[in-house]
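Residue numbering restarts at 1 for every chain, and letters A, B, ... go by the order of the sequence lines.
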Number of protein chains: 2
Amino acid sequence: MFSKACTYGIRALILITQRSNEGEKIGAKEIAEVTATPEPFTAKILQQLSRQGIIQSVKGPRGGFYLDDEQQNTPLYTVVAAIDGDQLMTGCGLGFLECSDEKPCPMHAKFKSIRASINKMLQSTTLKDLSNDVEGGLSFLSLKN
Amino acid sequence: MFSKACTYGIRALILITQRSNEGEKIGAKEIAEVTATPEPFTAKILQQLSRQGIIQSVKGPRGGFYLDDEQQNTPLYTVVAAIDGDQLMTGCGLGFLECSDEKPCPMHAKFKSIRASINKMLQSTTLKDLSNDVEGGLSFLSLKN
DNA sequence: ATAATAAAAGACAAAAATATCTTTTATTTC
DNA sequence: GAAATAAAAGATATTTTTGTCTTTTATTAT
Ligand code: FES
Ligand code: FES
């Protein structure tokens with residue numbers, strides 16, 4: 001469904017959101033440890049997210065990554081699109097170039113509604129939503145790979 | 001969502017189903033042409049599907065691939081599982097090792113219902129269903145990549 | 001039987017995704 | 001200002017996916 005880069009990125013963002021709510025920044029090393037992801041690879045993804053304005057970063061001692069209030073309301077859609085692109089959200093389920101009701105592929109009718117529910121979920125779920133659940137003990141961010 | 005190998009495989013199977021209903025076999029070359037897939041790669045996938053009992057194959061002149069009546073009722077689930085495995089259908093949306101209600105990841109609650117609808121779709125849609133739509137002009141198998 | 005055909009098998013190649021390592025740059029603390 | 005810290009940037013390595021090519025085997029038609 002999502003690439004590894006994307007799952008690592010989402011995991012990291014949820015953790016950063018949590019820390020940001022406590023007024024803290026967090027470094028790549030700790031992020032990788034807590035989310036069980038390879039550190040240099042995760043750092044690369046964070047770099048990319050920073051360039052794309054999805055997170056803030058500060059170099060130097062006491063530096064690290066954080067999200068400002070606005071960024072905490074970023075929907076998953078934006079994150080997935082930034083890392084994996086939007087093929088999943090807009091593309092054809094059988095991999096054809098275009099997806100349309102006029103010239104539908106054999107999976108179109110069945111795939112369309114699933115894609116719609118994926119879109120709805122990604123658009124309506126924010127980083128803050130997910131981090132609140134973790135904070136409230138409803139879900140867990142440190143699990144085995 | 002699906003790997004290229006999987007989309008190529010599904011495309012090929014729909015075409016083979018169509019031809020099988022006309023009592024015909026079809027070769028890898030024509031399959032690749034009609035479905036707009038790379039021939040040797042598609043041939044490999046068909047080989048794999050043949051070994052797994054999802055299609056029949058006959059070597060030699062007038063040989064090719066076909067599906068018997070039973071095989072035409074194969075659900076997409078079986079095809080996807082055979083090519084891509086069942087990570088999409090049973091695995092965690094954030095890539096963790098296990099998915100459970102007891103130790104849910106942050107995406108679990110939202111992802112679970114989407115995964116359920118994917119499963120329902122894959123289990124309830126057979127190759128014959130898809131090929132019937134193409135045969136009836138409701139959908140198209142020859143589209144641009 | 002022989003030749004032609006088409007899949008099977010296996011080796012090989014290219015590209016993309018995943019992962020690591022080193023150097024540079026910015027920032028903070030002292 | 002100097003030293004320490006941590007992200008940015010860029011080079012490199014590995015693995016997986018995607019794609020191709022060659023040889024072998026089975027089958028059919030003549
Ligand atoms: S054309 Fe394939 S999903 Fe719409
Ligand atoms: S634990 Fe991640 S989707 Fe269920």
Side-chain angles (χ1 to χ4, degrees), chain A residues 1-13 15-16 19-20 24-33 35-67 80 82-85 87-88 94-95 145, chain B residues 1-13 15-16 19-20 24-33 35-67 80 82-85 87-88 94-95 145:
Chain A
M1 179 89 125
F2 305 118
S3 69
K4 290 201 174 188
C6 195
T7 63
Y8 296 168
I10 294 171
R11 293 184 201 179
L13 287 170
L15 178 58
I16 299 169
R19 292 303 169 88
S20 299
E24 300 274 324
K25 291 193 277 300
I26 180 173
K29 189 175 177 188
E30 190 183 354
I31 292 172
E33 278 166 9
T35 61
T37 60
E39 198 230 297
F41 190 43
T42 303
K44 277 289 176 208
I45 298 160
L46 292 172
Q47 221 177 100
Q48 186 188 343
L49 293 173
S50 172
R51 273 195 303 268
Q52 294 182 90
I54 291 172
I55 57 177
Q56 302 294 329
S57 74
V58 176
K59 291 183 181 179
R62 313 251 12 231
F65 300 93
Y66 70 97
L67 301 199
V80 174
I83 301 176
D84 279 352
Q87 173 66 19
L88 173 67
L94 276 187
N145 272 320
Chain B
M1 179 90 122
F2 306 118
S3 69
K4 290 204 174 190
C6 194
T7 62
Y8 295 169
I10 294 171
R11 294 185 199 178
L13 287 169
L15 178 58
I16 299 169
R19 291 303 169 85
S20 297
E24 300 274 324
K25 291 193 279 297
I26 179 172
K29 189 176 177 186
E30 190 184 354
I31 292 172
E33 280 166 8
T35 60
T37 59
E39 199 230 298
F41 190 43
T42 303
K44 276 290 175 208
I45 298 159
L46 292 172
Q47 222 177 98
Q48 184 188 346
L49 293 173
S50 172
R51 273 196 303 269
Q52 294 183 90
I54 291 172
I55 57 178
Q56 302 293 328
S57 73
V58 177
K59 290 182 181 181
R62 311 254 13 231
F65 300 94
Y66 71 98
L67 302 198
V80 174
I83 300 176
D84 279 352
Q87 172 66 21
L88 173 67
L94 276 188
N145 272 319

Undergrad: The side chain of B:P61 is closest to which nucleotide in this list: D:dA8, C:dT18, C:dT5?
TA: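 It is C:dT5.
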Undergrad: Choose from D:dT27, C:dT29, D:dG19 the nucleotide whose nearest atom is closest to any side-chain atom of A:R62.
TA: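 Within the option list, the nearest is C:dT29.
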Undergrad: Roughly how many Å is it from CD1 in A:I31 to C1' in D:dA7, rounded to a whole number?
TA: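 Rounding to the nearest Å, CD1 of A:I31 and C1' of D:dA7 are 11 Å apart.
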Undergrad: Can you tell me how far apart CG (B:L46) and CD1 (B:I31) are? Round to the nearest 0.5 Å.
TA: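 If we round to the nearest 0.5 Å, B:L46:CG and B:I31:CD1 are 5.0 Å apart.
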Undergrad: On DNA chain C, nearest-nucleotide positions of A:V58 versus A:C6: which is more 5'?
TA: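 Whichever sits nearer the 5' end wins; that is A:C6.
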Undergrad: Can you tell me the distance, in whole Å, between the OH atom of B:Y8 and the C1' atom of D:dT20?
TA: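 Interatomic distance, OH of B:Y8 to C1' of D:dT20: 13 Å.
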Undergrad: Measure the CG-CE distance between A:D84 and A:M1 for me, rounded to the nearest 0.5 Å.
TA: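 That separation rounds to 10.5 Å.
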Undergrad: Is there a donor-acceptor contact under 3.5 Å from the side chain of B:S20 to the main chain of B:L67?
TA: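 Checking the backbone N and O of B:L67 against the side chain of B:S20, a donor-acceptor pair under 3.5 Å is found.
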Undergrad: For DNA chain C, which residues in residues 35-46 of chain B have a heavy atom at a distance below 4.0 Å?
TA: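 B:K44, in order of number.
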Undergrad: Can you tell which of A:I26, A:I55, A:V58 makes a side-chain contact (heavy atoms from CB on, under 4.5 Å) with A:Y66?
TA: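 Result: among A:I26, A:I55, A:V58, A:V58 is the only option passing the side-chain contact (heavy atoms from CB on, under 4.5 Å) with A:Y66.
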Undergrad: So do the side chains of B:R62 and B:K25 get within less than 4.5 Å of each other, counting heavy atoms only?
TA: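 They are not in side-chain contact.
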Undergrad: Would you mind telling me which of C:dA7, D:dT18, D:dA6 lies closest to the side-chain atoms of A:K59?
TA: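 Per side-chain heavy atoms of A:K59, the pick is D:dA6.
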Undergrad: Among all residues two or more places apart in sequence or in another chain, which pass the side-chain contact (heavy atoms from CB on, under 4.5 Å) test with A:A5?
TA: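 Residues passing side-chain contact (heavy atoms from CB on, under 4.5 Å) with A:A5: A:S3, A:F41, A:I45, A:I83.
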Undergrad: Given atom NZ of A:K25 and atom C1' of D:dA6, what is their separation to the nearest angstrom?
TA: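 Taking NZ of A:K25 and C1' of D:dA6, I get 11 Å after rounding.
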Undergrad: If you only use heavy atoms from C-beta on, which nucleotide in C:dA9, D:dA7, C:dT18 is closest to the side chain of B:R51?
TA: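 The nucleotide sitting nearest to the side chain is C:dA9.
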